[in-house]
Amino acid sequence: MKIVIEELHSRGHQVSVVRASDSWYIKENSPFYTSITLNAESGFDEEFLTAFVTQLLEIQREGKSLWTRLKLEIEVAQKSAEMNEKGCKMIELLFENKDRMQSLLDAKYDLVLADPVSPIGVIFAHYLKLPLVFNVRWTSHGEGHSAIAPTPLSYVPLVGSELSDKMSFPQRLLNIFADYLSLFQAADIWLMRADFVFEFPRPTMPNVVYMGGFQCKPAKPLPEHLEEFVQSSGEHGVIIMSLGTLIGELPRDLADEIAAAFAKLPQKVIWRYKGKRPATLGNNTLIVDWMPQNDLLGHPKMKLFVAHGGTNGVQEAIYHAVPILGLPLIFDQRDNLLRIEVRGAGKMIDIFSMNEDIFFQGIQEVLNEPSYRMNMQRLSRLHRDQPMKPLDTALFWLEFVMRHKGAAHLRTESYKMPWYSYHSVDVMLFLGGVMLIILGIFAALIWCFCSRCLRRKNKQD
């Protein structure tokens, strides 16, 4: 959201941001927007999410079993319920303040930009009767496409199924049983944080605009100390590792296994890690609290990205043509990395059963097998070969909605139809009934004709 907001500001738009007091990334004071702060917890603060992710990681390390899966689902359900309660409180604080709501109505905004992973923005837009634009990959009920676009389960894998678009019969059966209900179909434009270089081909809709990689940009020069470290790698090059913002540290034994594998490599390694320094850390590995990931990925000496599979990191790797060794942990990460693996641009390792040897062999495979880099370079060429930059495309459609007070001509009305009308069940039943009537009349005529012929024959006899 920050990237889109800053670009809107640079084009002369005035932006107001409704935020919770504990908002992690969206700060109260900014030169790019005016904040409307609600004195409530969002459920997306750093402490809550870090503890949640750590708990999920610990459960999954217990091994693959039905009991582990059940514990995982219970933990996710409990934390989701807590976040929903906090979201309800935010809605109460927003709508019960009559003076604030009146001032928002009087401001005569042009549109509401929201991420549908939370329903607050949707409710807010409907109350203000404003056009609604989604910055979306996920809704609160699953992957964004499934809310509005046709989703044939024969070749569109549902998120979490860990399937590709080429499914056997048992896999298609599993895909159907994993189906879910989707909402939020009345938005004017869906700015989808993906594209078909990354996503599997599927039916889409005219109000879905693809902006995958919108946050990517050419690499800037590195800070002096990082540039010096990178250059010291010589012909071997550099590997970077990051497991995202939410995974600052790992269990001690796992961190030691990773560090020991890195220590065997001739490459230099930059590892974003906030935990206790691993005992097996080699001289070739630099541990940092933060790193300019985009600038490092765009450096000529970059050889490999060891990543958890978050959407932003995967898109940046595609943009800079860096192959990925994936260590998926939670949420959508395994599905994201599956899309890279299917295209031959990376490899996944199960972090929960990984040891030093498995990790080292995975690194060696992706580094030494040329097809991984060649396939990622091909994806990068495809991603860059488009008439407009993804961010410019997103901003065009945002301003389009402002100019035309919505985009109803692009929005399907199918979501208002009952399921039997959407799937033409009523039409099929009607046509089937007509065919049965016609066949019945035809059968009756034949029966009458045969009966008359039989009676005539009997008279002649």
Side-chain angles (χ1 to χ4, degrees), residues 46-47 49-65 68 71-72 75 225-226 229-230 232-233 236-293 296-297 301-310 313-314 317 322-331 333-334 337 341 346-368 372:
E46 183 174 4
E47 183 179 350
L49 287 174
T50 302
F52 176 34
V53 170
T54 301
Q55 182 66 22
L56 294 184
L57 179 59
E58 290 175 358
I59 292 172
Q60 291 181 80
R61 290 200 79 205
E62 294 176 7
K64 292 184 177 180
S65 68
T68 301
K71 285 176 66 177
L72 198 65
E75 182 68 20
H225 72 287
L226 282 182
F229 183 80
V230 168
S232 70
S233 66
H236 299 294
V238 179
I239 296 169
I240 65 170
M241 175 172 173
S242 174
L243 298 182
T245 308
L246 297 179
I247 306 293
E249 58 183 281
L250 294 167
R252 185 66 184 274
D253 61 321
L254 183 56
D256 285 344
E257 298 274 0
I258 291 171
F262 281 148
K264 296 179 181 178
L265 299 169
Q267 287 79 19
K268 290 296 179 74
V269 179
I270 301 174
W271 182 7
R272 182 190 176 278
Y273 187 65
K274 294 184 177 181
K276 189 174 181 180
R277 182 183 177 87
T280 56
L281 195 71
N283 294 329
N284 67 330
T285 304
L286 175 66
I287 287 185
V288 295
D289 288 342
W290 176 87
M291 62 184 176
Q293 182 172 290
L296 282 166
L297 286 169
K301 287 189 175 293
M302 189 53 51
K303 299 297 182 184
L304 175 66
F305 183 24
V306 181
H308 65 309
V314 169
V322 179
I324 296 174
L325 179 65
L327 305 176
L329 295 163
I330 51 172
F331 304 141
Q333 296 162 10
R334 189 171 295 275
L337 290 169
E341 189 173 69
K347 175 183 175 65
M348 267 196 295
I349 294 178
D350 182 7
I351 193 172
F352 307 111
S353 59
M354 183 182 77
N355 58 30
E356 177 187 334
D357 290 337
I358 293 173
F359 185 53
F360 180 76
Q361 289 167 12
I363 293 172
Q364 292 289 81
E365 180 181 340
V366 181
L367 281 176
N368 298 325
Y372 287 108

Distance check, rounded to the nearest 0.5 Å: [X] atom [atom1] versus [Y] atom [atom2]?
{"X": "K268", "Y": "L286", "atom1": "NZ", "atom2": "CG", "answer": "9.5 Å"}
{"X": "I324", "Y": "L304", "atom1": "CD1", "atom2": "CG", "answer": "9.0 Å"}
{"X": "T285", "Y": "R277", "atom1": "OG1", "atom2": "CZ", "answer": "9.0 Å"}
{"X": "L325", "Y": "I349", "atom1": "CG", "atom2": "CD1", "answer": "4.0 Å"}
{"X": "W271", "Y": "M291", "atom1": "CH2", "atom2": "CE", "answer": "11.5 Å"}
{"X": "M348", "Y": "Q333", "atom1": "CE", "atom2": "CD", "answer": "11.5 Å"}

> Quick one: does I270's side chain get under 4.5 Å of V230's, heavy atoms only?
Replying inline: yes
>> Show, in sequence, the C-alpha distance, side-chain angles and deciding distance for I258 and M241, and conclude whether the side-chain contact (heavy atoms from CB on, under 4.5 Å) test is met.
In response: CA-CA 10 Å; I258 291 171; M241 175 172 173; 3.8 Å; yes
Which pair of non-hydrogen atoms, one from [X] and one from [Y], has the smallest distance, and what is that distance?
{"X": "F352", "Y": "P328", "answer": "CE1-O, 4.1 Å"}
{"X": "N355", "Y": "E257", "answer": "C-OE1, 3.6 Å"}
{"X": "A259", "Y": "P278", "answer": "CB-CB, 3.7 Å"}
{"X": "L226", "Y": "P292", "answer": "CD1-CD, 3.6 Å"}
{"X": "G326", "Y": "L337", "answer": "CA-CD1, 3.6 Å"}
{"X": "A261", "Y": "F359", "answer": "CB-CD2, 3.4 Å"}

> What's the verdict on side-chain contact (heavy atoms from CB on, under 4.5 Å) for L254 and I351, showing C-alpha distance, side-chain angles and the deciding distance?
Replying inline: CA-CA 9 Å; L254 183 56; I351 193 172; 3.8 Å; yes
> Within the side chain of N284, is there an N or O that forms a donor-acceptor pair under 3.5 Å with the backbone of F262?
Replying inline: yes
> Do side-chain atoms of R272 reach the backbone of G244 as a donor and acceptor pair under 3.5 angstrom?
Replying inline: yes
>> By the definition side-chain contact (heavy atoms from CB on, under 4.5 Å), identify the one residue from V366, V322, I240, L367 that meets it with K303.
In response: L367
> Looking at Y372, does the NZ or CZ of K347 lie under 6.0 angstrom from its six-membered ring centre and within 45 degrees of the ring axis?
Replying inline: no
> Under a 4.0 Å N-O cut-off, is there an ion pair linking D357 with K264?
Replying inline: yes
> So L296 and F305, side-chain contact (heavy atoms from CB on, under 4.5 Å) or not? Walk me through it.
Replying inline: CA-CA 10 Å; L296 282 166; F305 183 24; over 6 Å; no
> In this structure, are over 12 heavy atoms from other groups packed under 6.0 Å from N368 atom CG?
Replying inline: yes
